[in-house]
Every structure is written in structure tokens, then in C-alpha cells.
Protein chains: 2
Amino acid sequence: MKLEKITKRPRGACKDSSARRYDDACGAAHALDLIGERWALLVMRELMFGPKRFSDLRADLPGISANVLTQRLERLEEIGALTRRKLPPPAASHVYELTPWGYEIEPVLSVLGRWAARSPLHDPTLPLSAASLMLSFKTMFDASRAKGLNARIGFRIGDETFLVRIHGGKCDAARQALEGAEVVFAGTARAIAAAVYGGAPLAALEAEKALAIKGDRALAERFTRLFPLPQKA
Amino acid sequence: MKLEKITKRPRGACKDSSARRYDDACGAAHALDLIGERWALLVMRELMFGPKRFSDLRADLPGISANVLTQRLERLEEIGALTRRKLPPPAASHVYELTPWGYEIEPVLSVLGRWAARSPLHDPTLPLSAASLMLSFKTMFDASRAKGLNARIGFRIGDETFLVRIHGGKCDAARQALEGAEVVFAGTARAIAAAVYGGAPLAALEAEKALAIKGDRALAERFTRLFPLPQKA
DNA sequence: CGGCATCCGGGAAGATACTG
DNA sequence: CAGTATCTTCCCGGATGCCG
């Protein structure tokens, strides 16, 4: 039982120190060297609306383990995509924030999202984070359906608030106070997604207490129809 | 010797069949479930200019192993991003070709490439495939530098030929015969990249026999300046 | 030759427990 | 709360062998 442990090593080579990189000048390949590891891009996604703490990231990325999150944050800092800051005295905690170049990852998230939305295997009923939902609005917004619309729609998801502005055929979203919102959705990101992408009637979601709407109801209804999903491939 | 094969499985759980997926409705997360595994996106990149055989892919993706390539091709076929066809009788071989939806991955490659080009760690002198080079032209083309230019530039790389058309402020590339090319570059993709992105003088590359240019030399010179790299982050 | 099956070694990912 | 330490499982990469 205590036999051949080390003896033979002629097979199963191990290209020494060359790590696991694509040695490829192609930009896409280099991007994968930088952020192609598991969870890396989703960590950046969660930071797209501003800094967060370690535990916020853990909570918003269900399934990631603490050690993997630590490794990804270290790597993202190493490549210059995020910075780690110490909060002022009251809180002895750290926050992680994307650098300007880090924020430029947004088009990658958009384009990947649009591509995957055409996948027959895509299941829009799975849970999602608040950041994912806000990004999906920016990604899936259909300007032609928002002709002449100028609105501020608020969202209260957990203890965060977001303001989505629709103005001049553009759709922008930010994590900020709800001042000036003509209507406010309060609920889980999943419930809001059910209304916008799943076609669930607002009244039904409210009846289930999954969603609460305050303000201009007609605007809320119209809002849910501004984000058509593409045809499946 | 035929004992405990399954017996103990108390720790290091294995969430049964849930595999290693992000259970996340976010489009980007789903995209990573589909093509986030190592090499998957680069396999698609190599197919962007038309079908290839297994051995072509292996040759153009230095470092991939046969079993991994097999797995990736199976997965890409499973999700509907590519198809596997049998060639007509003379050749008993197979070719792999992207589906229309698979071809739509191009913006992902572009956007990733543009983002990574700003990375301080990006090394444009590494080797690259012909497909990568042609994609980089489409990605990095600067219309403002090509004002009034209308040209067909040919490339002979290994035993493949590509035609790049610059016309009306657009830049397109295809794997096809070189008919109508006003100038033809022949050499490795790396040598051509050295001229376009590394600023290497054409004369020097020709002197080293790394590159051969036939046709309109002035056009060749101008072509090399149409693809500026972005500022580093 | 083309493509796949299989085995092996190493390392990354994941779960849990633990520390400041 | 914010991570670190450790252990297990699984993926990746290389080599070899089979089969048409």
C-alpha cells in the first residue's frame, strides 16, 4: 500500500513556471489573461456602480468563496483594474473601487450580455444582483420604444437605491438617492426582472408582496416595456 | 485493491449535478457559463473567418491540447455556437464552423481587445494567429486616418490569404483570394503586426526576410498607420 | 492523418474552520 | 467583519494509444 509514490515521472509533464497564460499578442487573449479567471469579471460587474466592501461583494456574488474573492481582488489590483482603500476612522474597513480603466469594462459586460441573451439556454428567472439588473437596463434599453420619454425611475433593492434616468433616447443608471423619482420600485432584483423581462404583471407581483410601487403607475407600466429581449438563436 | 472508490465523500462537497456554474440571470454571467472556460473564446476567434479543421485549430492555438480542444468543440456545438460538418468524400475529415449566432461573438472579441490594449501589461510583440491579426484590423481601425481612402490590401500568411477592404470609412476583412489587391503583404502575422503596431519600418522587415511586399509601396506604408494603439491606462 | 479515450500530475476552485 | 489556512475535488495540460 505504501508503494510507488514518486518513482516515475516520465509523463504528465509540467511546463515549469510558464504558468497558465495564453502567450498571444491578441488583445482578446490578453484580456482573458487578465480577467479570464473564474469570478473576475463578475467581481468587476458588482463594482460598476461604485465601491463596495468585501462582505458586500460576497453577499452579491452567491457562490464565491472568501479565498477566491481574496485572490481575485488581489489580481485585479495587481493589474490596475481596481484599488483598495481604507475607510475613514469610524469604520476600520476596506473598500474596493474600480479604476477609470476598470470602469471601462462596461462595454464588455454589455456585449457579453447581449450575446448571451440570445442563447436558448438563458434562464432570466434565476436570481440576480442589483448591479446586474441596473446594467441590464443600460444594455437592453430600446431607444425607439422610449420616444419622447423623459423620466426618473427609482429602485430600492435591499438597502441600496438606484436612479434610472431616461432622457433624449438614452438610459443611464446610478447608485444614488431617489430624489426626483416619479415612480419607485421596491423589491428584490429578481422580482423587478420578472416584471421587465418575464412579462409578469405588476399587480400580480404586488399581490405577492414581491414588489411595491409608489408614484406614477402608468410610468411604471411603460418602463417595463422598454427592454425587449432579443430573439433566440 | 478494488476497494473504496466512492465510499468517502464527507467534505469538499460536490453540489451534485450543479456543476461549476454561476446561477445568475445576468447575461454576462450566462455568457461566462457558455464560453467562460479556458480556450473557448479563442476557439471561436479562430473560426471567425470561416470553417477550419481540428488540426488547423490546434496549429493556430499553440498550447491547447487535443483533449481540451475536443471538449471545447463539443461544448460549443452543444450550446449552438458551432456546427460540425463532414467534408465531401475526397477528404474524410470534419470541419467546424460557427453558426450565425456564433459569428455574433465578434463584438465581444473587439471590445475585449480594445480594453486589453490599454493594459500596461499587454505585449504586442508576442506571436499571434492570422485570424487575430485580421480581427485586430477591424477592431483598431481609425476611420479618421483613412479619409478618402479606398483600397484593397492583400495578406498571405502561411497558406492562407486574406483581403482587407477599406472603403467609405469602414474596414472589412475576409479570408479569400487576393484578386484586386493593390498591394500584398506576405509573411508571418507577427511580422505584419510588428509593422502595424510595433512601428517597425517595412524596409527593415523586408531586409530580415520577415516580410515581402508586392505592389503599391506607398499604400503599404499608409496602411500601417491606420491602426493606432490606445493610450495605456 | 484525424479524432477521441484514457491515465497522470499539478494547480485552481470550493467548502469549512479558524484568527485578528 | 475581513480575511487566512487547510483540505478536497475537479479542471487543465501533456503523453500515449486506439481506431477508422
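Each chain gets a letter, A, B and so on, in the order the sequences are listed, and its residues count up from 1.
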Nucleotide [N], atom [atom2] - distance to [atom1] of [X] in whole Å:
X	N	atom1	atom2	value
B/Arg58	D/dG13	CZ	P	12 Å
A/Phe54	C/dT19	CZ	P	18 Å
B/Lys86	C/dG2	NZ	P	14 Å
B/Ile64	D/dC11	CD1	C1'	14 Å
A/Glu77	D/dG3	CD	C1'	14 Å
B/Arg20	D/dC12	CZ	C1'	10 Å
A/Asp23	D/dG13	CG	C1'	14 Å
A/Asp60	D/dC1	CG	P	14 Å

Query - Those residues of residues 25-44 of chain A lying under 4.0 Å from DNA chain D by at least one heavy atom - result: none
Query raised in the report: Near DNA chain D, which residues from residues 67-76 of chain B have a heavy atom under 4.0 Å away?
Result: B/Asn67, B/Val68, B/Arg72
Please determine whether a side-chain nitrogen or oxygen atom of [X] lies at a distance below 4.0 Å from atom OP1 or OP2 of [N].
X	N	value
B/Arg84	C/dC4	yes
B/Arg21	D/dC10	no
B/His94	C/dG2	no
A/Tyr96	D/dG3	yes

**Report entry** side chain to side chain donor-acceptor pair (under 3.5 Å): pairs with one or both residues in residues 25-39 of chain B, sequence neighbours excluded
**Finding:** A/Ser119-B/His30
For [X], what residues pass the side-chain hydrogen bond (donor to acceptor under 3.5 Å, both in side chains) criterion, not counting sequence neighbours?
X	value
A/Thr70	none
A/Glu77	none
B/Tyr197	B/Ser136
B/Arg118	A/Glu104

Report task. Show your reasoning for whether salt bridge (Lys or Arg N to Asp or Glu O under 4.0 Å) applies to B/Asp60 and B/Arg45. Result -> CA-CA 10 Å; B/Asp60 294 332; B/Arg45 179 192 75 190; over 6 Å; no
Query raised in the report: What pairs meet the salt bridge (Lys or Arg N to Asp or Glu O under 4.0 Å) rule with one or both residues in residues 105-114 of chain B, with sequence neighbours excluded?
Result: B/Glu106-B/Lys138
**Report entry** Those residues that, when tested against B/Phe137, pass ring pair (Phe, Tyr, Trp, His ring centres under 6.0 Å) (two or more places apart)
**Finding:**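 Once residues adjacent in sequence are excluded, the partners of B/Phe137 under the ring pair (Phe, Tyr, Trp, His ring centres under 6.0 Å) criterion are B/Phe155, B/Phe223, B/Phe227.
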Show the atom names and distances, to 0.1 Å, of all donor-acceptor pairs under 3.5 Å that link a side chain in residues 184-194 of chain B to residues at least two apart or in another chain.
unit_1: B/Thr188; atom_1: OG1; unit_2: B/Ala191; atom_2: N; d: 3.0
unit_1: B/Arg190; atom_1: NE; unit_2: B/Thr125; atom_2: O; d: 3.0
unit_1: B/Arg190; atom_1: NH2; unit_2: B/Thr125; atom_2: O; d: 3.2

Query raised in the report: Hey, does B/Ser55 reach any base, or is it just sugar-phosphate, or nothing, if we go heavy atoms under 4.0 Å?
Result: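 If one applies the 4.0 Å heavy-atom cut-off, B/Ser55 turns out to touch the sugar-phosphate alone, with no base involved.
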Report task. Identify which nucleotide among D/dC1, C/dG3, D/dC12 has an atom closest to any side-chain atom of A/Ser93, counting heavy atoms from C-beta outward. Result ->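 Shortest atom-to-atom distance from the side chain points to D/dC1.
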Query raised in the report: Just how large is the angle between the end axes of the helix from C/dC1-D/dG20 to C/dG20-D/dC1, five pairs per end, to 10 degrees?
Result: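 The helix from C/dC1-D/dG20 to C/dG20-D/dC1 shows an end-to-end axis angle of 30°.
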Requested in this report: Please report the closest heavy-atom contact between A/Met140 and A/Ala117, naming both atoms and the distance.
Outcome: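 Answer, listing the atom of A/Met140 first, then A/Ala117: CE-CB, 3.5 Å.
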Requested in this report: List in chain and number order the residues that pass side-chain contact (heavy atoms from CB on, under 4.5 Å) with A/Ala25, two or more places apart in sequence or in another chain; answer none if no residue qualifies.
Outcome: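 Residues passing side-chain contact (heavy atoms from CB on, under 4.5 Å) with A/Ala25: B/Leu126, B/Leu128.
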**Report entry** Among A/Arg72, A/Lys52, A/Arg53, A/Arg175, salt bridge (Lys or Arg N to Asp or Glu O under 4.0 Å) partner for A/Glu46
**Finding:** A/Lys52
